[in-house]
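Whatever order the structure lists ligands and atoms in, that order sets their numbers, starting from 1. On a predicted model such as this, the values are computed, not experimentally measured, just so you know.
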Amino acid sequence: MKEFNTERLLLRELQQQDANDIYEYCSMKDVIDMIGMRLHSSIEITYKYISHEQKKSETLAIVNRKLNKVIGTVSLRKQYNDSNLDIRLISCIINPKYWGKGYAPEAIQQIIMYAFEELNVHKLLGGHYSFNLQSSAVNRKLGFVYEGTQREVYLYNGKLVDAVEYGMLERDYMRVSQNWK
Ligand SMILES: CC(C)(COP(=O)(O)OP(=O)(O)OC[C@H]1O[C@@H](n2cnc3c(N)ncnc32)[C@H](O)[C@@H]1OP(=O)(O)O)[C@@H](O)C(=O)NCCC(=O)NCCS
C-alpha cells in the first residue's frame with residue numbers, strides 16, 4: 001500500500017524495527033482478543049507477524065509523528081466473493097495507552113478515502129464483537145452503515161458472541177465524507 005500523512009499520523013508499511021512498539025500492545029491479551037488476533041507471547045512472534053504482513057501489503061503501521069512511535073495498525077483486506085466485486089474489510093488496532101484520542105478514526109478516514117478515490121473499490125466492510133463499544137463508536141463516527149448482527153459466530157474467552165457488521169458503499173462515502181474535516 002501507499003504512504004499517507006494525516007494531521008497527526010504517518011501511515012506506512014510495517015518495518016522490522018517496529019517490533020518493540022507492536023509487541024507493546026499485541027502482547028496484551030485483553031486488547032488483541034477484541035480483534036481476534038494471535039497473542040504475541042514473545043517478540044519473535046511479532047517479527048514473524050511483521051514479515052507476514054509485509055508480504056501481504058494489506059496493513060499499515062500507524063506512526064504518531066510527534067512521538068515517532070508506532071501506536072497501532074490499520075488493515076485493508078480484500079474479501080473474495082463469487083461476483084469478483086472489489087470488497088475490502090477495514091480493521092484497526094491502537095495501543096491502549098493512546099485510546100480515546102481519535103487516532104483510529106483519523107487513520108481509517110484516510111484509508112476509506114484511498115479505497116474509494118484511488119482503488120475505486122465497490123464496498124468497504126467493518127465489524128466487531130457485539131460487546132466492543134469502542135469499535136462501535138468508531139464505525140458510527142465514520143458513518144459506516146449498520147447492516148446486521150450475526151448471532152453466536154465467535155468464541156470469545158469460551159463464550160459465544162455475536163458479530164456486528166457494517167458496510168460503506170461509494171454513495172454512503174459521498175454523503176458521510178462531507179461531514180469529515
Ligand atoms: C477500537 C479502537 C481501534 C478505537 O481506537 P481509538 O483511537 O481509541 O478511537 P477513538 O479515540 O475514536 O475512541 C473510540 C471510543 O473508545 C472509547 N474509549 C475512549 N477511551 C477509552 C478508554 N481508555 N477505555 C475504553 N474505552 C475508551 C470511547 O467510547 C470512544 O468513543 P467516543 O469518542 O465517541 O467517546 C481501539 O479501542 C482498539 O484498538 N481496540 C482494540 C482492537 C479493536 O477492537 N479493533 C476494532 C475492531 S477492527
Under 3.5 Å, N/O to N/O: give me all the pairs between ligand 1 and the protein, one per line with atom names and distance.
from     : atom 1 : to   : atom 2 : distance (Å)
ligand 1 : 7 (O)  : Y103 : N      : 3.4
ligand 1 : 7 (O)  : A104 : N      : 3.0
ligand 1 : 8 (O)  : G100 : N      : 2.8
ligand 1 : 11 (O) : G100 : N      : 3.3
ligand 1 : 11 (O) : K101 : N      : 3.1
ligand 1 : 11 (O) : G102 : N      : 2.7
ligand 1 : 12 (O) : K141 : NZ     : 2.6
ligand 1 : 33 (O) : K141 : NZ     : 2.8
ligand 1 : 37 (O) : Q134 : NE2    : 2.8
ligand 1 : 39 (O) : I94  : N      : 2.7
ligand 1 : 39 (O) : I94  : O      : 3.3
ligand 1 : 39 (O) : W99  : NE1    : 3.4
ligand 1 : 44 (O) : N132 : ND2    : 2.6
ligand 1 : 45 (N) : C92  : O      : 2.8

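- From L125, atom CG reaches atom OG of S91 across 11.0 Å, with rounding to the nearest 0.5 Å.
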Step by step, would you call T6 with E106 a side chain to side chain donor-acceptor pair (under 3.5 Å)?
CA-CA 7 Å; T6 67; E106 187 171 323; 2.8 Å; yes
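- A salt bridge links R77 and E53; the closest N-O separation between the charged side-chain nitrogens and carboxylate oxygens is under 4.0 Å.
- Residues in residues 39-52 take part in no salt bridge (charged side-chain N to carboxylate O under 4.0 Å, His left out) pair, two or more places apart or across chains.
- The aromatic rings of Y173 and F116 lie parallel to each other, with less than 30° between the two planes, well short of the 60° mark.
- Ring geometry for H128 against Y166 counts as tilted: the plane angle lies between 30° and 60°, on a 0 to 90° scale.
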